[in-house]
Amino acid sequence: HVQLVESGGGSVRTGGSLRLSCAASAIGDTYNCMGWWRQVPGKRREGVATIDGDGSTVYADSVADRFTISKDNNNNTLYLQMNSLKPEDTAMYYCAAGAVLPARWCSIETAGLFGYWGQGTQVTVS
């Protein structure tokens, strides 16, 4: 069983930066795909970025030139560097992990394949 704990959220001004972290309790072999999703109350969950075991990434168009997803396999930690933040980035951000096969299905479009989810960290941009 994989436990995911997000941190790094907070309040920031428009144009500012934040780095989210997601600490995973299990080794990386348990899952080959990780990602970040976000959700605003009353709206559908939105995929932000994913990264597979080979380091291939997928980004939502709205964040592709501002956010960077990365992972540290030695520390079982996933990151999301968020720059040039906008008010529309305000949301609860969730980390997810899954054993996704084939690897090409590791994507922001396949949230249903991610079996493990964190509790979320709030990001507010004003």
Side-chain angles (χ1 to χ4, degrees):
H1 181 68
V2 177
Q3 289 186 319
L4 304 173
V5 179
E6 303 95 334
S7 61
S11 296
V12 65
R13 297 282 193 177
T14 297
S17 298
L18 284 174
R19 188 175 82 155
L20 305 184
S21 299
C22 173
S25 64
I27 61 175
D29 289 345
T30 304
Y31 45 87
N32 67 331
C33 181
M34 298 189 77
W36 292 95
W37 273 258
R38 65 187 181 186
Q39 189 167 24
V40 175
K43 294 189 176 182
R44 293 184 63 181
R45 181 176 55 190
E46 176 189 20
V48 177
T50 56
I51 185 167
D52 71 13
D54 293 329
S56 296
T57 57
V58 176
Y59 292 94
D61 289 343
S62 59
V63 308
D65 59 347
R66 300 182 295 120
F67 292 8
T68 302
I69 188 171
S70 63
K71 61 179 180 175
D72 183 340
N73 291 327
N74 291 329
N75 293 321
N76 296 324
T77 303
L78 180 73
Y79 301 101
L80 185 68
Q81 178 67 43
M82 305 186 295
N83 299 327
S84 302
L85 283 161
K86 305 175 181 179
E88 50 263 44
D89 295 318
T90 295
M92 184 71 78
Y93 283 71
Y94 298 91
C95 167
V100 179
L101 292 172
R104 65 179 182 273
W105 289 355
C106 180
S107 166
I108 58 174
E109 304 297 335
T110 58
L113 299 180
F114 289 72
Y116 307 103
W117 292 81
Q119 293 300 307
T121 185
Q122 177 68 37
V123 171
T124 303
V125 185
S126 60

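Around atom CD of Q119, no more than 12 heavy atoms belonging to other residues, nucleotides or ligands sit under 6.0 Å away.
Scanning both residues, W37 and A96, for their nearest heavy atoms gives CZ3-CB, 3.9 Å. Across all their heavy atoms, A111 and R45 have their closest contact at CB-NH2, 3.7 Å. Closest non-hydrogen pair, F114 versus S107, comes out as CE1-O, 3.9 Å. Across every non-hydrogen atom of A49 and Y59, the tightest pair is CB-CD2, 3.6 Å.
A distance of 7.5 Å separates CD of E46 from CD1 of I108, quoted to the nearest 0.5 Å. Summarising the geometry, atom CE belonging to M92 is positioned 8.5 Å from atom OG1 belonging to T124; distances are rounded to the nearest 0.5 Å. Once rounded to the nearest 0.5 Å, the distance linking OG1 of T68 with CG of L80 reads 8.0 Å. The line from CG of L20 to OG of S7 is 8.0 Å long, rounded to the nearest 0.5 Å. Rounding to the nearest 0.5 angstrom, the gap separating the CD atom in E6 from the OG atom in S21 is 10.5 Å.
Side-chain contact between N32 and L101: present, with at least one pair of heavy atoms (C-beta onward) separated by less than 4.5 Å.
M34 and V100 are not part of a single hydrophobic cluster, where members link through side-chain heavy atoms under 4.5 Å apart. Side-chain heavy atoms closer than 4.5 Å link hydrophobic residues (I, L, V, M, F, W, Y) into clusters, and following such links, possibly through other members, connects I69 to F67. Linking Ile, Leu, Val, Met, Phe, Trp and Tyr whenever their side-chain heavy atoms come within less than 4.5 Å puts M82 and V125 in one cluster.
With L78 as the partner, the side chain to side chain contact (heavy atoms under 4.5 Å, CB included) test is satisfied by one option alone out of T50, I51, N73: I51.
Every residue was checked against the ring pair (Phe, Tyr, Trp, His ring centres under 6.0 Å) condition with W36, not counting sequence neighbours, and none meets it. Judged as a side chain to side chain contact (heavy atoms under 4.5 Å, CB included), and not counting sequence neighbours, V5 has no contacts. Checked against ring pair (Phe, Tyr, Trp, His ring centres under 6.0 Å), W105 has no partners two or more places apart in sequence or in another chain.
Between the D52 side chain and the D54 main chain, a donor and an acceptor come within less than 3.5 Å of each other. Although no hydrogens or angles enter the test, the distance criterion places a donor-acceptor pair under 3.5 Å between the side chain of T14 and the main chain of S126.
The disulfide (SG to SG under 2.5 Å) pairs that include a residue from residues 91-126 are C22-C95, C33-C106, where partners are two or more places apart or lie in different chains. Listed by first then second residue, pairs satisfying side chain to side chain donor-acceptor pair (under 3.5 Å) with a partner in residues 77-97 read S17-N83, R38-D89, R38-Y93, R66-D89, Q81-N83, not counting sequence neighbours. Every pair tested for salt bridge (Lys or Arg N to Asp or Glu O under 4.0 Å) that includes a residue from residues 68-82 fails, sequence neighbours excluded, so the list is empty.
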